[in-house]
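Here the structure comes first, spelled out in structure tokens, and everything after it is commentary.
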Amino acid sequence: MATKYIIVTGGVTSSLGKGIICASLGRLLVARGLRVTIQKLDPYINVDPGTMNPYEHGEVYVTDDGAETDLDLGHYERFLDIKTSQENNVTTGRIYYDVIMKERRGAFLGKTVQVIPHITDEIKSHVIKLGSSQDYDVVLVEVGGTVGDIESLPYIEAMRQLKYEVGRKNTLSIHLTLVPYLAAAGELKTKPTQHSVKTLSESGLSPDILVCRSEHSLDGTIRRKIAQFCNVDIEDVIASLDAESIYEVPLLMQKEGLDLRVIDKLGLPAKNADLKRWIEFVDKIKFPKKEIDIALVGKYVEHHDAYKSIVEALIHGGAVNDCKVNVRWVQSEDLTKQNVEKELGGLSGILVAPGFGDRGIEGKFVAVNYARENKIPFFGICLGMQCAVIEFARNVIGEEDANSTEFNENSSFPIINLMLDQLDVEDKGGTMRLGKYECEIKDGTFAKEAYQSNLIEERHRHRFEVNNELREQLVENGMVLSGLNPERDLVEIIEIKDHPWFVGVQFHPELRSTVYDPHPLFTSFVKASVEHGKAQHKEVFKAES
Ligand code: GLN
């Protein structure tokens, strides 16, 4: 069967949840036995989001092959239980970069290089390349931005051409739009949707299916009106109402018949949907037996998208433990020895987040110190792990000046320093230690207990590491270096023994956690936190007794 392409565009406004709709439809198609992947086309001129501030763009999601990508790829992996790669995220920056490189090599000799056909051809070739890379039945193509944006135009045109070239039987256009409720009029309004569809249709890409985000249900009259004015069948008007959890969206879309419409229109050979495990998972998060509060200590806490995958991994790990994890967002800049008891006292677990730069760093040391001394389950991720090592060097080894050379180049005890291969790196984009590397795990450690394996692979995004010249002093003072990279002898996991659960990891386990494959470290951390919470304040466990 030829690969089918489903083009998903968005209209009226941003933040309608296009990524979640794509991931949800993807999940429904996978549940019917189809091979599916999702590609995100981002209209910005950065080559990748790697150099963007988390306030701008949220988390940078790193794939196995070391691509720094849009956080929607995280949703794709978590929902579909697939691995994505560089090819799943295309930006305008990358497209232009590739076209300009080709021009310099003389690939277009004699021609004027133009948006049409050269840029649009390059966009199409990326889409087709992904589709043919692995025998996919379906590629969902999420076009970033909002229809009508100047910067989205080449993508819309490329998708129009794609539809023409691979054939109508093999493509489908889904448009996600907003049907707002005007309280003053007491009515749902269809005009924004009509305008958005009109704009899209003027570009030659009329939608086959409309997914309408709304805060109120769409009755028959509204659906008929939308269908009539937007030129789609009434069955192709799909309502997408607000859900309590993003994980409910696939089930809501199934109820609305989105997958059936897609299967029907594309003639896909689909089995009955097997969503048993998904439904069990949603039940667990909707009706948890217990609840705990975990601190997430970081400097971007006002912007939760900066820690997207961590929050999702806590939900996955929570579900395994029949537990709802409430995240207490703690701004590390405001955390001091004086207020730490007030901020972190009574919580079941403390997680110190990844990050770059020294803003709020001292507050992170305070959080680590509090978790270590009060024996509260602690999880340090990347910078969080580096903070745990620095805190240990300062307060256990007694090296008061211990630091990372990222924050103090003149530290007399640079227990975290720049990796050797980073010394001469000047460019900021795509030059960190990125992607999947191996880690060997020692027996008798928290890590071994969690993973149940001595060799694992995890994704990375960092420039600094534990200083191998000083690391023996950590061990002599009781820190366990429980995971090492065999190739370069880099410290990947640290632990403290005389503690209920104290683990720091140089890598990003949150990027690998999915609904069907929750990450073992998050599962273990939540389990230890539940036990700690039980011992501390039994009242939150009423539901269990
Ligand atoms: N800034 C630290 C480094 O580059 C940690 C990075 C991170 O937390 N992702 O090593």
Side-chain angles (χ1 to χ4, degrees), residues 48-55 57-64 66-69 71 74 296-301 303 305-311 313 332-333 350-365 367-368 378-391 393 402-409 411 414-437 439 458-468 470-471 483 485 488 490-494 503-513 519 521:
D48 62 41
T51 54
M52 283 193 227
N53 186 317
Y55 286 118
H57 189 270
E59 162 187 278
V60 173
Y61 189 79
V62 181
T63 52
D64 271 353
E68 296 180 282
T69 70
L71 55 71
L296 197 158
V297 183
K299 66 174 174 180
Y300 299 115
V301 289
H303 192 54
D305 271 2
Y307 304 110
K308 192 88 214 161
S309 293
I310 293 179
V311 174
S332 58
E333 267 188 304
I350 295 173
L351 188 153
V352 176
F356 296 84
D358 63 359
R359 182 163 70 83
I361 197 73
E362 292 296 327
K364 291 186 178 174
F365 301 142
V368 176
F378 167 83
F379 198 5
I381 300 182
C382 206
L383 179 63
M385 174 262 207
Q386 296 174 356
C387 288
V389 171
I390 295 166
E391 191 279 330
N403 216 330
S404 163
T405 52
E406 182 177 2
F407 314 125
N408 177 9
E409 282 189 27
S411 163
I415 188 65
I416 305 291
N417 66 355
L418 197 63
M419 281 181 280
L420 276 180
D421 59 358
Q422 290 283 328
L423 282 174
D424 299 323
V425 172
E426 282 182 8
D427 289 352
K428 293 274 182 262
T431 54
M432 284 189 246
R433 179 173 179 243
L434 289 166
K436 189 172 79 172
Y437 290 100
C439 168
E458 293 284 359
R459 299 180 195 170
H460 298 70
R461 183 170 188 253
H462 66 123
R463 294 189 201 280
F464 293 81
E465 61 168 339
V466 174
N467 186 339
N468 278 352
L470 298 175
R471 86 182 198 200
N485 169 258
R488 291 172 55 185
L490 300 181
V491 176
E492 295 276 6
I493 314 179
I494 61 99
V503 176
V505 292
Q506 184 58 78
F507 46 81
H508 291 268
E510 71 275 18
L511 303 176
R512 254 199 43 205
S513 189
H519 197 284
L521 286 178

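Counting starts at 1 for both ligands and their atoms, in listed order.
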From Arg433 atom CZ to Arg488 atom CZ, the distance as rounded to the nearest 0.5 Å | 5.5 Å
Flag the pair Glu68 and Arg459 as a salt bridge only when some basic side-chain nitrogen lies within less than 4.0 angstrom of an acidic carboxylate oxygen.
-> no
Check: Asp427 side chain, Gly429 main-chain N or O, donor-acceptor pair, under 3.5 Å | no
N/O separation below 3.5 Å, Phe464 to ligand 1 | yes
Those atoms of ligand 1 less than 4.0 Å from some heavy atom in Glu406 | 1 (N), 2 (C), 3 (C)
Any N or O of Gln506 that comes nearer than 3.5 Å to an N or O of ligand 1?
-> no
Which bit of Met432 is near ligand 1, meaning a heavy atom under 4.0 Å away: side chain, backbone, both or neither?
-> neither
At under 4.0 Å between heavy atoms, what of His462 touches ligand 1? The answer is both
Against heavy atoms of Arg463, which atoms of ligand 1 measure under 4.0 Å?
-> 3 (C), 4 (O), 10 (O)
Under 3.5 Å side-chain donor-acceptor pair for Arg359 and Ser332 | no
Does a side chain donor of either Asn468 or Arg471 reach within less than 3.5 Å of an acceptor in the other side chain?
-> yes
Contacting atoms of ligand 1, where contact means under 4.0 angstrom from a heavy atom of Arg461 = 6 (C), 7 (C), 9 (N)
Is there a nitrogen or oxygen of Pro354 sitting under 3.5 Å from a nitrogen or oxygen of ligand 1?
-> no
Ion pair present between Lys436 and Glu458, side-chain N to carboxylate O less than 4.0 angstrom?
-> no
Please work out whether any backbone atom (N, CA, C, O) or any side-chain heavy atom from C-beta onward of Glu465 is under 4.0 Å from ligand 1, and answer side chain, backbone, both or neither.
-> neither
Quick one: which ligand 1 atoms are inside 4.0 Å of a heavy atom on Cys382?
-> 5 (C), 6 (C), 7 (C), 8 (O), 9 (N)
Is the shortest side-chain N to carboxylate O distance from Asp64 to Arg512 below 4.0 Å?
-> no
Please state which protein non-hydrogen atom is closest to atom 5 (C) of ligand 1 and give its distance, to 0.1 Å?
-> Gly355 O, 3.3 Å
